[in-house]
Number of protein chains: 2
Amino acid sequence: MYLKAMAELSNHEAVATARLAEHLNVTPVSANEMVRRLSDQGLMIHTPYKGVTLTEKGRTIASNVIRRQRLWECFLYDYLKIEWARLYEMACSLEHATAPEVTEALAVFLGHPTVCPRGNPIPEADGSFTPLNGTTLNAITVGETVTVQAINATATDVLQYLYERRVLPGCTLTVIEAAPLQGPLTLKINEKEIVLGLSLAKFVITKPNPTE
Amino acid sequence: MYLKAMAELSNHEAVATARLAEHLNVTPVSANEMVRRLSDQGLMIHTPYKGVTLTEKGRTIASNVIRRQRLWECFLYDYLKIEWARLYEMACSLEHATAPEVTEALAVFLGHPTVCPRGNPIPEADGSFTPLNGTTLNAITVGETVTVQAINATATDVLQYLYERRVLPGCTLTVIEAAPLQGPLTLKINEKEIVLGLSLAKFVITKPNPTE
DNA sequence: TGAAATAATAAGGTTTGCCTTATAATTATC
DNA sequence: GATAATTATAAGGCAAACCTTATTATTTCA
């Protein structure tokens, strides 16, 4: 229950409860109740009409949740060959059920990976965490060529959609065109052109192309 | 919720609801409610004052639950080096959270093991299942030497107790003495003598010693 | 600034899986 | 066969995490 909220918040700071509700697929009212409970437990701070922030304590727990989740993603992908788009959802269930001893043993077994198959960093056991500093694809100027660093989505259908178009961590792409009025982007990936809506492009974290 | 009940039932047939309650650490009243719900779903049949039996459907689900559980036990033991006594409890949580694809991928990864680290057989993907046919240690006559085939316990403290005394699958032991009035057994294991209460001895499944 | 949009809160409801207490039915045992 | 022990069932409660429907604050922006 906690963690999902955290996972979302961990992005940056001050998250609107409406965003939380959206992410968790619950009504705004439920999200508010939830936030109150978690605030009461000292895990987050809710400033009405402003948003929600994690406390130190909350942040630590959230980091651990994300660590567990992403370690499982690595295992499921590298060893069990689970399909990429479903890693998140499956790792998410396992995460709930993972004791600390298992988390650390898993980290050792996997050789302490630093990123998950979606390209997102894995927090350390002590909770420390270097967030991605890349630019989301929707903010790239037309003509630029970039490398995809991570996919920040969690919904299986979104992941599936991006997977089918081979918009994956490590790939290189060029923004060919950005349609006006917040219209979709046209990209070139692997010599093929694809069209991607802006709302999906927001999930794609890029970094400057090393060869450029 | 279902599965725990199943896991218990799967032993043989017709389980008293009181045994279920005990095993699940709930009150008999709660166990009864549970049994009603599961009967309504067609997973078990409750004959009042007689006990509970699984239906075909129930048995299939139960087999799958046990399969998942024991595959995880193998993984946790062989790859993550989790301590033996805690395998059951940890695998139990993971079990709840395991999708069918993960179960089968795990079986492949592990090389389709046939027994778990506690020596219990792992059901096949189709639900088929060869139960252990050994004799419980409490029924062994004094003087006999047998090999431990499996430990049928699930409680961590029981497993820990047996582990500390090295009563583990594969070990060979001799029953030195059985105290009268259902008193404890004296056993010889690895040249050392230990004393084991009858209620614990019931968890130890043995087979005739091959060298005898 | 005032209306519309967004956010918060209040009130009351549902489901699930447990609980306690009490009573009724059945089975076991002397 | 009567009493004791076990099982079952009935009735009512609790907590968690949702929900809907209102109502009230606050912001935002034309």
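To find a chain, count down the sequence lines: A is the first, B the second, and so on, and within it residues start at 1.
- A salt bridge does not link A:R36 with A:E33: every distance from a Lys NZ or Arg NE/NH1/NH2 to an Asp or Glu carboxylate oxygen is 4.0 Å or more.
- Between the NE2 atom of B:H46 and the C1' atom of D:dT6 there is a distance of 12 Å, rounded to whole Å.
- Mapping A:P28 and B:V29 onto DNA chain D via the closest heavy atom, the residue that lands nearer the 5' end is B:V29.
- Rounded to an integer number of Å, the gap from CZ of A:R36 to P of D:dC18 is 13 Å.
- The main-chain N or O of B:V195 is never found under 3.5 Å from a side-chain atom of B:T186 such that the two would form a donor-acceptor pair.
- Along DNA chain D, the nucleotide nearest to B:T17 and the one nearest to A:E33 differ in position, and the one closer to the 5' end is contacted by B:T17.
- For A:S30, no side-chain nitrogen or oxygen approaches OP1 or OP2 of D:dA17 to under 4.0 Å.
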What's touching nucleotides 25-30 of chain D from the protein side, N or O pairs under 3.5 Å?
| unit_1 | atom_1 | unit_2 | atom_2 | d |
| --- | --- | --- | --- | --- |
| D:dA25 | N3 | A:Y49 | OH | 3.2 |

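- Looking only at distances, a side-chain donor or acceptor of B:T55 sits under 3.5 Å from a matching main-chain atom of B:G42.
- Going from atom CE of A:M34 over to atom C1' of C:dA8 covers 17 Å, rounded to whole Å.
- B:E95 and B:T98 share no side-chain donor-acceptor pair at under 3.5 Å.
- Rounding to whole angstrom units, CG of residue A:N32 and P of C:dA10 are separated by 10 Å.
- The interatomic distance linking B:H96 (NE2) with C:dT16 (P) rounds to 18 Å, in whole Å.
- For B:Y79 and A:Y79, the ring centers are positioned 6.0 Å apart or more.
- Applying the 6.0 Å contact sphere to OH of B:Y163 captures no more than 12 heavy atoms from other residues, nucleotides or ligands.
- Of the possible polar contacts, one joining the A:R118 side chain to the A:A153 backbone as a donor-acceptor pair under 3.5 Å is found.
- Atom CG of B:L20 is separated from atom P of C:dG17 by 15 Å (rounded to the nearest Å).
- In the set D:dC19, D:dA10, D:dC18, D:dC18 carries the atom at the smallest distance from any side-chain atom of A:R37.
- Side-chain contact between B:P208 and B:V146 is absent, with no heavy atoms from C-beta onward closer than 4.5 Å.
- In this entry the distance linking CG of B:L38 with C1' of C:dG17 reads 12 Å, nearest Å.
- The ring pair (Phe, Tyr, Trp, His ring centres under 6.0 Å) pairs that include a residue from residues 55-74 of chain A are A:W72-A:F75, A:W72-B:W72, where partners are two or more places apart or lie in different chains.
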Sort me out a list of protein N/O and nucleotides 1-5 of chain D N/O pairs below 3.5 Å, or just none if empty.
none

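- Between the CG atom of A:D40 and the P atom of D:dA16 there is a distance of 11 Å, rounded to whole Å.
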